[in-house]
Visitor: 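Quick one: the structure is below, questions incoming.
By convention in this document, chain letters (A, B, ...) are assigned in the order of the sequence lines, proteins followed by strands, and residues within each chain are numbered from 1. When reading the values below, keep in mind they use all heavy atoms of this one structure, side chains included, and skip hydrogens, waters and symmetry mates. Because the structure is predicted, anything quoted here is derived from the model rather than measured.
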Amino acid sequence: MTGPPTTKPGRTRIVLADVARARRTTAELAQQSPVGDALLRGLIRTQLAHALRLSAVVAVGLGGLPLLFALAPGVAQARPFGASLPWLLLGLAAFPFLFGVGAMYVRLSERTEAEFTDLVEHPDR
Amino acid sequence: MPHSPYALPAIIAVTLVTVVIGAYGLRLARTTSDFLVASRSVSPRWNAAAISGEYLSAASFLGVAGLILKNGVDMLWYPVGFAAGYLALLLFVAAPLRRSGAFTLPDFCELRLGSAWLRKLSAAFVVFIGWLYLVPQFQGAGLTLQTVTGGPYLIGALLVAAVVTGNVALGGMRAVTFVQAFQYWLKLTALAVPILFLVLQWQADNRPELAPPAGATFAEVTTVHFDSSAVLTVSEPTTVTVSAAPVLLEPGRHEFTDGATVTFPAGAAVPTVDGTASGMGWLLPESGAGGLVASYSLIFATFLGTMGLPHVLVRFYTNPDGAAARRTTLVVLGLVGLFYLFPTLYGVLGRVYAPALMLTGNSDAVVLVLPGLALGPGVAGQLLGALVAAGAFAAFLSSASGLLTSVAGVLSTDVLGRGSASARSELASPAARSHAGSASARSELASPVARSHAGSASARSELASPAGRSHSGWVRDFRISAIVAGAVPFVLAMRVANLHVSLVVGLAFAVAASSFCPLLVLGIWWRGLTDLGAAAGLLAGGGGAVTAVLLTFLGRTGHGLVATLLSYPAAWTVPLAFAVMVGVSLATRRRKPGNVGLTMLRMHAPDALHL
């Protein structure tokens, strides 16, 4: 969220207070206080948004193909590299595409969780 | 059809290795939790290979190639969807489900909605889906043994049913984990190595055209034996040999009766069979409204059905935490995608080397017979034929084991019901344990019958020490359940020998997508879900899909668009299930469980916080 956790110049960290604050935020979450609840809802919304956005990519990229082939038969008859385009797309390209979308989601969701953990454990950063 | 002398020894070897690895695992299976979740000591790489091994069933190994051989490019949605299902699982389910502590779908219902009767309803769906998915595994085993040895269909089905039931009943899931991981690599090898030789052979034969616009031709003299009567449409005058006498077939439709043997000359055009695509219809996507509905139904069913398959979800509990579950799913997506590159090639080369299969309706056998037909009667063809037969058997053994473990687990926990307390208190994470404990305490109060079955002393010791006395009783229940769970689909497989294995599996996906997909997605991401909403959605969507499946089995689907909507139900049952679940939940919003916030926190809070 705010880059690497470097100490800001001209400021002394009081470790005990820091720990206490982190405990307080964790407790806010565990006790479902309004603050904790808002934090959690934000996290869920972000993760769901990632998932929905990437589903939309697949829905258009793969799910659009039957419609495309039906509406534009010329596309279905194209033969790049001497092989039929629908066969190339569905028999070959679809699999690395799906894996790529999956890898993207793992990266996004892990980053979201790391940021959330950071926010809860070091709320003053 | 050429029989490879190595095929039977190869099949026996795979079966023996499966049993031996199972026995090795059996020594490690000490406690109840070993039985069901392999104690969570399975490393992610083993786990991903095991998930993939379990997932790649008869439908993937035999069925996909068979459908592509027969119907062409539209069938590619099966392998794409079978892989894409893991993406949907990764995006919406994997990490939260692992953190929830539920390890079966009924567990999820109880943890999320706190409802014991909803648990029972979902258990019924798990058993139905599991059986629907087990039938084609036994079917495929029968077909394989029939094809490679000429032996009876019954023996192959019986062999797989017996080995799998025994293995699951004795070893439980720990055994199965090693077996499954081994079988993924066996299956991949068994498809990838022969296809290398087949493609080289195709090159050496000067690359015969895969989809000639005028339709396929017989490369050499081909004898076709009809196991059931068939109507062939002949496009040009062809002189064939029937019972050693030449017969001239004029262009038009010709009926051949059950048991007829017809020999076609080399170079003759392959006649077409009703329901089989030919020429450009095979090469290009079908563009009519019926084709579109079928394609989109298939996309809905396979993309969304994977997350609702009982044997897939159980595996996620073997990941140590949510992040590991996500990474495991990604590896699975890669492994499964790699595998699906190969069945397509078998289907395509089958047009050149095994055209006779298109006439007999036996196209599911294309993977098994292609090496022998393309490479000729030499040792190479026989050895490769034996390798694919071994891979096919690995496919049935592994999928059937996973399915049987899940169905037996649900039967012993939710139907026999005696072992539920120990099963649940062990599956639950510490946070969930008190919840599960109270649930079982409630069910004990509610049903004195169940309690007297278990004996109150052992019931108490179950709660106190899960690995204690109750263990033997629980294991006995699990074993009885495994036998029941294996016997029912075996009997069904005897009756539906003629259905395409991929079509049956497609229907199982449709039921899963219309019942558990909305339940999981809404349960994980939406606080508003209520028990009544979930039940109504399960009954509307899942019930609709089940009805469509039964009508398809009985052959009562009618004609035109109605037939398409019943044979490919997911296009309407999935949206229906979502709509009903949301609508009824909104109408009954006062029934929202009080602990929904805590459940949400447990499912979504990052693992690093240790909440």
Visitor: Does some side-chain heavy atom of B/Tyr296 sit less than 4.5 Å from a side-chain heavy atom of A/Leu67?
Guide: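 A side-chain contact under 4.5 Å exists here.
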
Visitor: With a 4.5 angstrom heavy-atom cut-off, which part of A/Ser84 approaches chain B: side chain, backbone, both or neither?
Guide: side chain

Visitor: Which bit of B/Met600 comes within less than 4.5 Å of chain A, counting heavy atoms only: side chain, backbone, both or neither?
Guide: both

Visitor: In terms of heavy-atom proximity below 4.5 Å to chain B, should A/Gln32 be classed as side chain, backbone, both, or neither?
Guide: side chain

Visitor: Is it the side chain or the backbone of B/Tyr86 that comes within 4.5 Å of chain A heavy atoms, both, or neither?
Guide: neither

Visitor: Between B/Leu91 and A/Ser55, which heavy-atom pair has the shortest distance, and what is it?
Guide: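 Smallest interatomic distance, heavy atoms only, reads CD1-OG, 3.5 Å.
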
Visitor: Do B/Leu609 and A/Phe116 come within less than 4.5 Å of each other through their side chains, counting heavy atoms only?
Guide: yes

Visitor: Measuring only between side-chain heavy atoms, which start at C-beta, is A/Phe69 closer than 4.5 Å to B/Val73?
Guide: no

Visitor: Taking all non-hydrogen atoms of both residues, which atom of B/Leu90 and which atom of A/Tyr105 are closest, and how far apart?
Guide: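 Taking every non-hydrogen atom into account, O-CE2, 3.4 Å.
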
Visitor: Nearest 0.5 angstrom please: A/Ile44 CD1 to B/Met603 CE, how far?
Guide: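 Output value for this atom pair is 7.5 Å.
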
Visitor: Answer with side chain, backbone, both or neither: which region of B/Val348 has an atom nearer than 4.5 Å to a non-hydrogen atom of chain A?
Guide: side chain

Visitor: So, for A/Leu40 and B/Arg527, which heavy atoms are closest and what is the spacing to 0.1 Å?
Guide: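 Looking at all heavy atoms of both residues, the shortest contact is CD2-NH2, 3.8 Å.
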
Visitor: Is there side-chain contact between B/Val80 and A/Phe97, with at least one heavy-atom pair below 4.5 Å?
Guide: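 A side-chain contact under 4.5 Å is absent here.
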
Visitor: Would you call B/Phe92 and A/Leu48 a side-chain contact if the rule is heavy atoms closer than 4.5 Å?
Guide: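 A side-chain contact under 4.5 Å exists here.
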
Visitor: What pair of heavy atoms forms the shortest contact from B/Leu330 to A/Ala103, and how long is it?
Guide: CD1-N, 3.4 Å

Visitor: Anything under 30° is parallel, anything over 60° is perpendicular, the rest tilted; go ahead and classify B/Tyr340 against A/Phe95.
Guide: parallel

Visitor: Given heavy-atom pairs under 4.5 angstrom as the criterion, report whether the side chain, backbone, both or neither of A/Leu85 touches chain B.
Guide: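 When you check distances to chain B, no heavy atom of A/Leu85 falls under 4.5 Å.
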
Visitor: For B/Ile299, is it the side chain, the backbone, both, or neither that has a heavy atom closer than 4.5 Å to a heavy atom of chain A?
Guide: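 For B/Ile299, the side chain is the part near chain A, not the backbone.
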
Visitor: How long is the span from the NE2 atom in B/His604 to the CD atom in A/Glu113, to the nearest 0.5 Å?
Guide: 10.0 Å

Visitor: Can you say whether B/Leu598 sits under 4.5 Å from chain A via the side chain, the backbone, both, or neither, judging by heavy atoms?
Guide: both

Visitor: Side chain, backbone, both or neither: which part of B/Ala95 has a heavy atom under 4.5 Å from chain A?
Guide: neither

Visitor: Hey, does A/Leu90 have a side-chain heavy atom less than 4.5 Å from the side chain of B/Pro285?
Guide: no

Visitor: Quick one: does A/Leu65's side chain get under 4.5 Å of B/Trp77's, heavy atoms only?
Guide: yes

Visitor: Determine the minimum heavy-atom distance between A/Thr117 and B/Ala608, stating which atoms define it.
Guide: CG2-CB, 3.9 Å

Visitor: Less than 4.5 Å apart, any side-chain heavy atom of A/Trp87 and any of B/Thr344?
Guide: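 A/Trp87 vs B/Thr344: side chains touch.
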
Visitor: With chain B as the partner chain, list the residues of residues 73-82 of chain A whose heavy atoms fall under 4.5 Å from it, by residue number, and write 'none' if nothing qualifies.
Guide: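 Result: A/Ala76, A/Gln77, A/Arg79.
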
Visitor: If you count heavy-atom pairs under 4.5 Å between each of A/Val58, A/Leu39, A/Leu62 and chain B, which one has the most?
Guide: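 If we count pairs closer than 4.5 Å to chain B, A/Leu62 comes out on top.
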
